[in-house]
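Notes for the one structure printed next.
Lettering follows sequence order; numbering is per chain, from 1. These figures come from a predicted structure and were not determined experimentally.
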Number of protein chains: 2
Amino acid sequence: MSRPRTFCEVTALDRALDVFWRTGYEGASISALTEAMGINRPSLYATFGNKEELFQKALARYVDLKNAFFDNAMAQPTAREVVAKLFHDGAEILTDPNHPVGCLSVQGALACTAETERVRDELAKIRSDYEARLRARFEEECRDGRLPAGTDPEVLARFVTTVSHGMSVQASGGATCEQLRAVADMAMRAWPVPDAA
Amino acid sequence: MSRPRTFCEVTALDRALDVFWRTGYEGASISALTEAMGINRPSLYATFGNKEELFQKALARYVDLKNAFFDNAMAQPTAREVVAKLFHDGAEILTDPNHPVGCLSVQGALACTAETERVRDELAKIRSDYEARLRARFEEECRDGRLPAGTDPEVLARFVTTVSHGMSVQASGGATCEQLRAVADMAMRAWPVPDAA
DNA sequence: CCGATTTCATACCAATCGGTACAAAACTAG
DNA sequence: CTAGTTTTGTACCGATTGGTATGAAATCGG
């Protein structure tokens with residue numbers, strides 16, 4: 001009731017996400033955030049709490065976007081195709097000019113001060129969650145015998161996320177989609193094959 | 001002449017490096033730096049210029065350390081062994097408890113504000129320099145026929161650096177040396193082999 | 001049309017940011 | 001022992017940091 005908002009909460013959040021994505025958590029000042037969001041400081045604090053809560057909410061939006069991409073890859077019939085699609089589409093997303101380059105969970109905060117440890121840990125948790133989902137998928141296919149005997153699903157999942165995060169760093173350094181795809185194709189050559197013996 | 005320094009310039013620089021490494025460029029405040037270096041502000045500015053110059057000098061120290069590691073790997077007789085050593089020793093260094101986890105050129109600044117663009121670009125240049133050295137080595141072995149025909153040295157170099165940077169992100173997330181080595185071993189399975197045909 | 005309620009904009013808060021002025025202290029050359 | 005030079009510690013600079021107090025403007029239910 002009473003006076004309604006003059007701004008849309010979700011679009012403001014998307015603007016905030018863009019700033020966090022481009023400049024990292026610490027690099028995003030409240031002034032930069034409010035300017036990008038088109039609102040003023042008290043509105044930000046009234047609506048989103050404080051900087052860290054705003055980040056968490058923007059991060060939740062990011063995870064939504066990323067889940068769409070990830071689930072789409074996971075819909076592939078085989079683990080190998082899942083990863084191939086993850087790499088292929090990931091290369092495009094990491095270099096998409098419509099949003100900041102790289103992956104927020106990598107760009108956001110690797111190094112940090114004591115005050116921003118929680119943010120770094122949150123991003124680390126997100127990364128490890130995706131890795132866990134991959135591992136679960138690989139374990140499944142290992143049990144079914146669809147992945148060669150002797151395949152370690154945990155290592156395989158860690159390898160895939162490692163390459164993905166490396167691709168994010170490459171994107172941050174200016175690598176193109178095609179260059180990332182070539183790297184991804186090369187990584188796929190490490191995919192486990194049944195023993196010839 | 002006149003009054004001598006009460007501190008060692010290189011050890012102070014190493015302390016500064018440690019802070020930049022742990023907290024990133026923006027996260028390292030002058031107060032945190034002076035405290036870690038055991039000197040006060042005017043001494044810092046008189047000796048090292050300003051924050052950015054201090055970072056550059058600390059970064060030069062870091063590159064010295066990293067070169068020792070890198071050159072050691074490059075001393076291996078074959079490209080394959082170079083990369084295997086790079087991965088194997090890298091896993092240890094990235095998780096060495098004696099210094100901050102991960103690689104400074106990855107942790108330092110992926111995302112940044114307009115004022116710290118130069119720092120980010122400097123780190124990106126360092127990363128690409130190492131990649132170029134790997135590429136040169138691979139090109140050499142391609143010409144000599146020691147790498148299979150059809151091998152793209154540029155892609156191979158980018159793949160190796162991508163995995164390395166991914167390992168740095170993994171280390172930042174708490175991965176152990178052994179876990180990184182397992183990933184590295186898996187990555188080595190992508191190494192080019194001569195066509196069976 | 002009015003009163004209750006909420007959002008808005010301005011202007012501010014203490015703390016910290018990177019960076020410096022200044023004078024006392026400590027050293028060396030003579 | 002003194003004159004001159006450099007480093008040191010303290011105390012400060014304006015600007016910016018994340019975060020708020022406050023009152024005016026706007027909208028709703030009645």
Side-chain angles (χ1 to χ4, degrees), chain A residues 1-13 15-20 22-59 108-109 111-120 122, chain B residues 1-13 15-20 22-59 108-109 111-120 122:
Chain A
M1 31 184 146
S2 300
R3 183 175 177 178
R5 290 245 151 77
T6 63
F7 62 93
C8 171
E9 191 168 324
V10 291
T11 62
L13 211 45
R15 303 284 182 81
L17 170 58
D18 186 79
V19 175
F20 282 126
R22 267 186 294 109
T23 69
Y25 178 75
E26 294 194 297
S29 70
I30 301 291
S31 298
L33 288 165
T34 55
E35 188 178 353
M37 297 166 84
I39 67 180
N40 39 33
R41 292 164 100 83
S43 296
L44 188 156
Y45 282 90
T47 310
F48 302 104
N50 60 14
K51 184 182 177 181
E52 191 172 333
E53 290 178 45
L54 172 63
F55 178 77
Q56 286 167 355
K57 283 162 181 146
L59 185 57
C112 68
T113 64
E115 296 109 34
T116 57
E117 267 182 350
R118 279 196 308 279
V119 169
R120 180 201 54 182
E122 227 165 324
Chain B
M1 32 185 147
S2 297
R3 184 174 179 178
R5 290 244 152 77
T6 62
F7 63 93
C8 171
E9 190 168 324
V10 290
T11 62
L13 211 45
R15 303 284 181 82
L17 171 58
D18 186 81
V19 176
F20 282 126
R22 265 186 296 108
T23 68
Y25 178 76
E26 293 194 299
S29 70
I30 301 290
S31 299
L33 287 164
T34 55
E35 188 178 353
M37 298 165 84
I39 67 180
N40 41 32
R41 294 163 99 82
S43 296
L44 188 155
Y45 282 91
T47 310
F48 303 103
N50 60 13
K51 185 181 178 181
E52 192 171 334
E53 289 177 44
L54 172 63
F55 178 76
Q56 287 167 355
K57 283 162 181 145
L59 185 56
C112 69
T113 64
E115 295 108 35
T116 57
E117 268 182 349
R118 279 195 309 277
V119 170
R120 181 201 53 183
E122 228 165 324

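- Counting only heavy atoms from C-beta outward, the side chains of A:F20 and A:L54 approach each other to under 4.5 Å.
- Looking at A:R3, its side chain has no donor and acceptor atom pair within 3.5 Å of the base of D:dT27.
- Atom CZ of B:R5 and atom C1' of D:dT6 are 9 Å apart (whole Å).
- Shown for residues 26-53 of chain A: residues whose heavy atoms fall under 4.0 angstrom of DNA chain C, namely A:N40, A:P42, A:S43.
- In this structure, CD of A:E9 is placed 13 Å from C1' of C:dT7, rounded to the nearest angstrom.
- Between the side chain of A:N50 and the backbone N or O of A:E52 there is at least one donor-acceptor pair closer than 3.5 Å.
- In this structure, the side chain of B:T34 does not engage the main chain of B:R41 through any donor-acceptor pair within 3.5 Å.
- Proximity of A:T6 to the phosphate of C:dC8: a side-chain N or O atom is located under 4.0 Å from OP1 or OP2.
- Residues B:F48 and B:M37 are in side-chain contact: their nearest non-hydrogen atoms beyond the backbone lie under 4.5 Å apart.
- No donor-acceptor pair under 3.5 Å is formed between the side chain of B:R120 and the backbone N or O of B:A109.
- Within 3.5 Å, no donor on the side chain of A:S2 pairs with an acceptor on the base of C:dT6, nor the reverse.
- A:Y25 carries A:K51 over the face of its six-membered ring, with the cationic atom under 6.0 Å from the centre and within 45° of the normal.
- For A:E115 and D:dG19, the CD to P distance is 11 Å, given to the nearest whole Å.
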